[in-house]
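As a basis for the values below, the full set of heavy atoms in this structure was taken, side chains included, without hydrogen atoms, waters or symmetry mates. Keep in mind that what you see is a predicted model, and the values were worked out from it rather than measured. Here, residue 1 is the first one in the sequence, and each next residue gets the next number.
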Amino acid sequence: MALTAVWRAPREMAVTGGVVAGLAAVAGVGGVLRTEVPWSWAVVVYLVCGAALAPVARIAVVPRAVRGGVLGAAAGVTGVAVLAVLPSAAAGLLGPAAVLTGVWGGAPGGAREVVAGAGAWPDALSVPVVLLVAAVLLGAVYASLVQEGREPTGWTAAAGAGAVGLVSAAVPVLLVTADVAYAAALAVDLLLVAGLLGAAVAGRRVPEAAKVTALWCAVAVAAQAGLLALAAEPATYAVFGLLLVLFAATAARSGEVVARSLTLVLSVVCALVVASAAGASLELGAPRTAVLVLAVPAVVVVLGLWVRTPAVVVPLEAGAGFGALVALGLAVTDVAYLSLVLALCGVLAAATAVRPERRPGAGYLAAGLFALATWVRLVSAGVTHPEAYTLPVSVIACAVGLLRRRTDPEASSWAAYGPGLGVTLGPSLPALWSDPHWQRPLLLGAAALAVTVTGAVLRLQAPLLLGGGTLALVALHELAPHVAQVFDALPRWSVPALAGLLLLALGATYEQRLRDARRLREHLGRMR
């Protein structure tokens with residue numbers, strides 16, 4: 001009836017009639033056929049009925065508008081079918097995350113044993129079937145549009161990218177829901193990752209949208225395979241080792257900045273997992289494993305010194321930085337190993353500072369890490385008077401800085417005097433707050449005052465700010481008990497009242513305070 005009514009109708013009515021006719025056909029035929037299959041397969045029946053409408057596009061006798069409406073109905077049925085199985089597909093894709101609660105618990109018999117909540121739906125095989133059928137339909141649409149001479153952009157590119165995404169989701173879900181053998185599931189996942197990465201760097205033969213989709217789908221499938229591999233120790237080494245090779249090879253072949261950067265970072269992450277697994281196999285414990293993990297950033301830093309290409313060096317440095325953070329997190333429970341890891345990170349930062357373009361940032365970072373490693377080591381040794389160890393170093397470092405300033409007057413005071421002053425002032429402040437005697441505050445305050453005055457007279461930024469900050473903290477330490485007594489003696493309403501008066505005073509002189517702040521910033525900016 002719908003087709004008869006709109007056969008010669010205007011375009012808008014013809015499209016609407018085609019949609020109604022297509023949906024009526026799917027509902028009628030699918031409503032009869034689904035009675036012969038389990039309820040979980042009903043969505044497959046309706047999807048197949050919707051796919052059966054696709055050949056209408058080749059029947060020339062049907063008006064073009066009507067054909068568009070019928071194909072729209074088929075697309076709607078396909079979209080609803082995919083949405084209907086998305087919760088089950090997400091359970092199959094995200095289920096391997098349950099292995100994180102029992103890493104290396106033993107190789108399971110099948111992939112479904114690793115997935116939390118497997119079998120929660122009556123017949124899970126219908127889920128990957130729906131995804132694969134929808135992928136075939138989108139692939140057919142893409143091929144048809146390309147044969148018509150359309151450029152692989154817009155809706156054409158979206159169809160190709162959608163087909164890639166659905167296949168990438170269907171294969172892992174099929175492996176889990178079909179309870180494929182554990183080793184076979186890992187092998188298929190790795191083959192899928194290799195194929196997707198190959199498509200991502202296939203050049204002009206693959207549309208750009210499909211390449212981007214293939215790249216991110218490869219990352220998602222690799223993550224799922226990695227989680228599956230964590231169930232068994234040998235699988236962890238095999239899977240992450242192969243993923244490391246695949247990502248590194250993709251980075252070497254890729255000409256796109258995003259693809260190269262992402263695969264380089266992921267290859268470093270895979271290497272970190274292998275190093276961490278080696279520490280666990282050797283039963284080194286987390287702090288000792290941290291030293292082993294630092295081997296990966298060390299190799300990355302050496303590669304960065306050798307390659308020197310910014311598009312490659314930047315993602316490598318990002319991966320090395322992440323590896324250093326992982327090592328610090330592993331060593332944080334042992335103060336002695338934490339000091340060692342900080343010192344090794346300082347060595348890596350100093351090696352990075354060899355390159356002229358990284359010298360300022362990496363040099364300051366190396367100095368800070370070395371100083372922090374020294375402080376942590378003093379704490380681990382139970383030293384209560386750190387000045388006996390840090391003051392000689394400060395004197396030597398400041399003497400070296402003075403010589404540098406004489407040979408290079410344009411050198412920054414932070415580079416010349418910052419490390420030397422920080423080596424002593426840094427550990428002395430924590431010791432001050434735990435020292436009940438009066439000698440340390442007096443000596444530290446006098447030294448900070450002398451450093452501040454020297455910085456102000458010689459117009460040196462680092463001594464002024466470091467000495468002034470230390471002097472303010474010493475004053476706060478000394479005045480804190482008396483201020484607390486004063487506030488205890490005052491009525492409770494006096495504190496909000498004083499705060500209100502202060503806000504009023506600041507508001508009344510707001511413009512003047514802004515001008516003072518600008519002058520102070522300009523004055524500090526002119527200092528060396």
Quiz prompt | Rounded distance (nearest 0.5 Å) linking atom CG of Leu47 with atom CG of Leu137 | solution = 6.0 Å
Quiz item: Hey, does the side chain of Tyr182 reach the backbone of Leu228 with a donor-acceptor pair shorter than 3.5 angstrom?
Solution: yes
Quiz item: Given the rule in the side-chain contact (heavy atoms from CB on, under 4.5 Å) test, do Leu174 and Val180 qualify, once you have shown the distances and angles that lead to the verdict?
Solution: CA-CA 8 Å; Leu174 178 62; Val180 177; over 6 Å; no
Exercise. Would you mind reporting whether Glu317 and Val313 have side-chain heavy atoms less than 4.5 Å apart?
Key: yes
Self-check item: Within 6.0 angstrom of Phe322 CZ, more than 12 heavy atoms from elsewhere
Solution: no
Quiz item: Under 4.5 Å between any side-chain heavy atoms of Cys270 and Leu242, yes or no?
Solution: no
Self-check item: Nearest heavy atoms of Gly162 and Leu138, plus distance in Å
Solution: C-CD1, 3.7 Å
Practice problem: Could you check if a side-chain atom of Leu243 sits within less than 4.5 angstrom of a side-chain atom of Val239, using non-hydrogen atoms only? | Solution: yes
Quiz item: Quick one: which of Leu131, Val129, Val130 gives a side-chain contact (heavy atoms from CB on, under 4.5 Å) with Val133?
Solution: Val129
Practice problem: Please round to the nearest 0.5 Å and tell me the distance separating atom CG of Leu190 and atom CG of Leu186. | Solution: 6.5 Å
Exercise. Could you walk me through whether Leu196 and Leu215 pass the side-chain contact (heavy atoms from CB on, under 4.5 Å) test, one step at a time?
Key: CA-CA 6 Å; Leu196 291 171; Leu215 175 63; over 6 Å; no
Quiz prompt | Side-chain donor or acceptor of Thr213 paired with backbone N/O of Val164 under 3.5 Å | solution = no
Self-check item: Ala42 to Val37 - nearest heavy-atom pair and separation
Solution: N-CG2, 4.4 Å
Quiz prompt | Val176 side chain reached by Gln224 side chain, heavy atoms, under 4.5 Å | solution = yes
Quiz item: With a 4.5 Å limit on heavy-atom distance, are the side chains of Val273 and Ser276 in contact?
Solution: no
Quiz item: What are the two closest non-hydrogen atoms of Leu264 and Pro315, and how far apart are they?
Solution: CD1-CG, 3.6 Å
Quiz item: Below 4.5 Å, heavy atoms only, C-beta onward: do Leu33 and Cys49 meet side chain to side chain?
Solution: yes
Quiz item: How close do Pro128 and Ala170 get, heavy atom to heavy atom, and via which atoms?
Solution: CB-O, 3.7 Å
Self-check item: Flag side-chain contact, heavy atom, 4.5 Å: Pro287 against Leu330
Solution: no
Self-check item: Flag side-chain contact, heavy atom, 4.5 Å: Tyr337 against Val376
Solution: no
Self-check item: Between CG on residue Leu282 and CG on residue Leu292, distance to nearest 0.5 Å
Solution: 7.5 Å
Self-check item: Gap separating the CG atom of Leu125 from the OG atom of Ser88, nearest 0.5 angstrom
Solution: 11.5 Å
Self-check item: Minimal non-hydrogen separation, Cys345 against Ala324, with atom names
Solution: SG-CB, 3.9 Å
Quiz item: Distance from Leu305 atom CG to Thr352 atom OG1, nearest 0.5 Å?
Solution: 6.5 Å
Quiz item: Rounded to the nearest 0.5 Å, how far does OG1 of Thr289 lie from CG of Leu294?
Solution: 11.0 Å
Exercise. Please report the shortest heavy-atom distance between Thr35 and Val32, naming the atom on each side.
Key: OG1-O, 2.6 Å
Self-check item: side-chain hydrogen bond (donor to acceptor under 3.5 Å, both in side chains) pairs, two or more places apart, involving residues 225-250
Solution: Trp104-Thr236, Glu233-Ser281, Tyr237-Ser281
Exercise. Take Ser380 and Trp375 through the side-chain contact (heavy atoms from CB on, under 4.5 Å) test and state the conclusion after the steps.
Key: CA-CA 9 Å; Ser380 68; Trp375 302 341; over 6 Å; no
Exercise. Would you check, one step at a time, whether the test side-chain contact (heavy atoms from CB on, under 4.5 Å) holds for Leu132 with Leu166?
Key: CA-CA 7 Å; Leu132 288 173; Leu166 289 174; over 6 Å; no
Practice problem: If a pair satisfies side-chain hydrogen bond (donor to acceptor under 3.5 Å, both in side chains) and one of its residues is in residues 256-266, list it, with sequence neighbours excluded. | Solution: none
